[in-house]
Amino acid sequence: MKPESPLIQGQCCDHGGEGPTVYDLPVPLSLRQEWKRLATRRHFLGRMGKTLGWAGLTSLLGNALVGRAAAAELTGGGAHRLPDFAPKAKRAIYLFMSGAPSQMDLWDYKPGLTSLFDKDLPDSVRGNQALTGMTSGQARFPIAPAHWGFSRQGKSGRYVSDLLPWTGKLVDDITLIHTMQTDAINHEPAILLINTGNMVPGKPSLGSWLSYGLGSMNENLPTFVVLNSLTIPGTDLQPISPKLWSSGFLSNEYAGVAFRSQGAPVLYLDDPAGMSRDVRRQLIEAVNTINQMTFEEVGDPETHARIHQYEMAFRMQASLPELTDLSDEPASTWTLYGEDAKQVGSFAYNCLLARRMVERGVRFTQVYQRGWDVHSNVVGNLPKLCAATDRGSYALVADLQRRGLLDDTLVIWGGEFGRTVYSQGGLSKDNYGRDHHPRCFTTWMAGGGTKKGHVHGQTDDFCYNVVKDPVHVRDFNATVLHLLGVNHEKLTFKFQGLAQKLTGVVPAKIVPDLIA
Amino acid sequence: MTSRKSLPLCGIGLFLVIALALIVLKAPPDGLERGQLSQFLGRFHPLVVHLPIALVLLVAALECAGFFRNGKHLQASASFVLTLAAVTALMAVFLGWLLARSGGYEGRLVTRHMWGGVSLAAALILCCAVRESNAKLYGTALFATVCLMAWTSDQGGKLTHGEGFLTEFMPAKLRAVLGVPPPEKKHTPTSSAVGISPVSAGMVSVTFFASRVAPIFHDKCVQCHGPQKKKGKLRLDTFENVMRGGKDGVIVKPGDPSGSEVFRRITLPRDDKDAMPAEGKPGPTEAEIKVIELWIALGASQSLAAEEVRGAPPLAPPMTASPPLTADYRPRSDKIQALQSELGVRLVPRSQNPTDGLILRTVSARERCDDAALVKLAPVASLIVDAELASTKVTDGGLKTLSTFSNLRSLDLSHTAITSVGVRLLSRLDKLETLNLTATGVDDTGVALLRHKVRLKRLYLFETKCTVQSELQTEKQKR
């Protein structure tokens, strides 16, 4: 289900076939005693609270207390809360373009740049911005206009790049944000910031917060699924790693479950020949019993997460084949998504899978497509990337729309930052490169209570600075949580002395202009 | 003996009270600002005022202790504490008068509080005088003093925190028992602010001032510039008062934001001593500043309609409770729990607001959710606003049951075996807004009736035999 931590693996050893016992765990005696003492005290306090608290307080505090208790019962208890208010969106799909798509080549139309070909970017525009080491040494910063034409699309007649013939058709259905801003200029911190709200690894990702905060809708499937798409030959790949869908300091059960893009989506899920479901059930129950003993002995909450994972794996043995069996898809699916979607692991296939997960109650699906890091050869690589993702993105939104699922599903498309208007390396009429640019980039949202056919924010003529209505990553994340019914100030987890939240300590604000 | 010794002291006290009463009578609080020293001292009033309060309560406690045999020694100190209470009460009254005279206070509340304080000081001195000589009179006087003190403190509390501060979050049940009226809704300017102005007969339009400007004044300014406190002789609680201005003159120059004092004050750096709202109070947000700037620039009109103003920052998304969709589900929690475990379906509250209704969620138990299960849900049917029944075993028979789920707003029946026969019954669902019939056996005859439902905004018929799909959807979207 998720990469095994070598530490935990190392702790278990097999005693001549008898299986691991709790006494094998290298836990110091003093810690075990400490846990015992705490357990006793907690038990006592817990009981006292129940008997005294309920008798006296329920009538007085009435609504507030009983309400919370009732709500906890109905959501299955635990950390899960109900939405702070009834949301439009019940679930979300995030199409993540890792590597950072070029905003002025795709969405943010700047016709004025054509006449400025190979002119130097004015210093006043660049200001005192620190550039990456890849271009800070360049003698000049020649302006590279978009190589492709833009055409009017939809009833609104907005200009969209000819590289996006399919997604362009969505302009009347989506909200384009031209003024996304981030703090980081390199991939690793920027992708962490946009996925987890912090440039430093170790924080829970957006999907984990939702999973922790709102709980599961279908106990037979993970609440947070990550789909990695096959890479496109010749593109510049930036690595992505499980820390982007990690649950950080939250329990491991809220981490994203990554499906593989080749072969079986989840390894070792198939039973070996001859093993019946009953035998498997017995085996898992035995393992759970041992794990429960471990938990009682040392009290590590991760042990509960492990029990949860075994249970989830067992249920996924039944639910996953049904999810990934596309034979029940009608012909209309393939006319919409195209033949690409039949190739397991392709972006279009993952989009289709994301739609099937929406139908099956997966709360948050994040689809990654790597390769957008076009430092050079924009003209060679950008069309390949668009060809691989354009139709799938369009098909997903259109499919959700016609199936009546877009009203309560939020779809997001975007990368971790934008790209520079000036060329990295040599600029010619035929080719150019673009460096990282954190000051503005374009992201779009569809469904889930967002506006239709709306454009938010405005960048300057060089697509370099924000002129109007910037949307910082933390404001964007606050808005996403809001659309899902969560007040970002209230979804917190106390860790290292701080009430941690997705949007961090710098005040974040919801962007009302994005909300229908 | 003791009583006689203390009499001269009581005389001095009485003299001081009369002197204070005369001062107060001569120079009542009039809202004008005065000398710095009196302001400096006056601001100690809220601090000192707690001394007599605590001491009077302590006297009462000590005297009560005297009723018990092992509390006699405590009672012995009551006399000393009482004297202390009287002295501090005199101090508090004097400081209170300084504060009231230093500006920003006038009106009914402050006068009441002031006379309450004076009377309290007098009553305490009376208590001192009669304690040793007349136990019965003393007991009555002390009781009356405690009551008087409670009333006076309440007036003072209202003065600082606003009326209704204590009871604002009183539980509804307790409120009913005590007969306290429900709290005033925040953000609703008083009627004098002219919230709604008639545009033509029968038509009403919300004005920009009432809907956007007045709420800002009420939120951020009226606590100090309102009917209770009028700092700088300025009141911002009604349109007329805003335009009248304060002791430094007019604060709004129509058409000229930067020349308007109110705009200058709210846009000063927050550490400037003239910046408003005053230090320690939450400052205006960017959106609020923008609204006030727009309002002044457009002529500071009272009657300008909200929709005529272009470029106003959008209102923050409403976080307040939405109107109830269903009854509170919580009294039915036990029944809900029982149904969940019996049927395997889940009944999930839509939000923390218990009147937002429940979602019937079946995705983990689609095989078990059939017509019989729906019948069993009847006891909680009126709580369900959203039924997710996609890919379940529900058939036309179940739709008969569903047609009695009168509170349904959203119904997903996609990928079920239902046909037009059952769907016709759904036309009884008057509140239905979204109906998903994707990949079902329904055809045009089934949806014909539904087309006339006014509330129905979205009808999904993908992968059905219906031919009217596109027409219906566009037609509905127009509404």
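In this text, all values refer to a predicted model and were calculated from it rather than measured experimentally. To find a chain, count down the sequence lines: A is the first, B the second, and so on, and within it residues start at 1.
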I want to check something: taking the side chain as every heavy atom from C-beta on, are B:R346 and A:M217 in contact at a cut-off of under 4.5 Å?
no
Between B:D386 and A:K90, does at least one N-O distance fall below 4.0 Å, as a salt bridge requires?
yes
Selection from B:E388, B:R366, B:R361 maximising heavy-atom pairs under 4.5 Å formed with chain A
B:R361
If you take all heavy atoms of B:S351 and A:A86, which pair is closest and at what distance?
CB-N, 3.2 Å
Side-chain touch A:L82/B:P349, heavy atoms, less than 4.5 angstrom
yes
So A:D407 and B:Y460, do their side chains get closer than 4.5 Å, heavy atoms only?
yes
More than 12 heavy atoms from other groups under 6.0 Å of NZ on A:K451
yes
So for B:L437, is it side chain, backbone, both, or neither that comes closer than 4.5 Å to the heavy atoms of chain A?
neither
Closest heavy-atom contact between A:R402 and B:T438?
O-OG1, 4.0 Å
Tabulate, in ascending numerical order, the residues of residues 328-336 of chain A having at least one heavy atom closer than 4.5 Å to a heavy atom of chain B, or enter 'none'.
A:P330, A:S332
Under 4.5 Å from a heavy atom of chain B, the part of A:D408 involved:
neither
Between B:S364 and A:N220, is there a side-chain donor-acceptor contact under 3.5 Å, judged purely by atom types and distance?
no
Where do A:P83 and B:R350 come nearest, in terms of heavy atoms and distance?
CG-O, 3.4 Å
Side-chain touch B:H415/A:R403, heavy atoms, less than 4.5 angstrom
yes
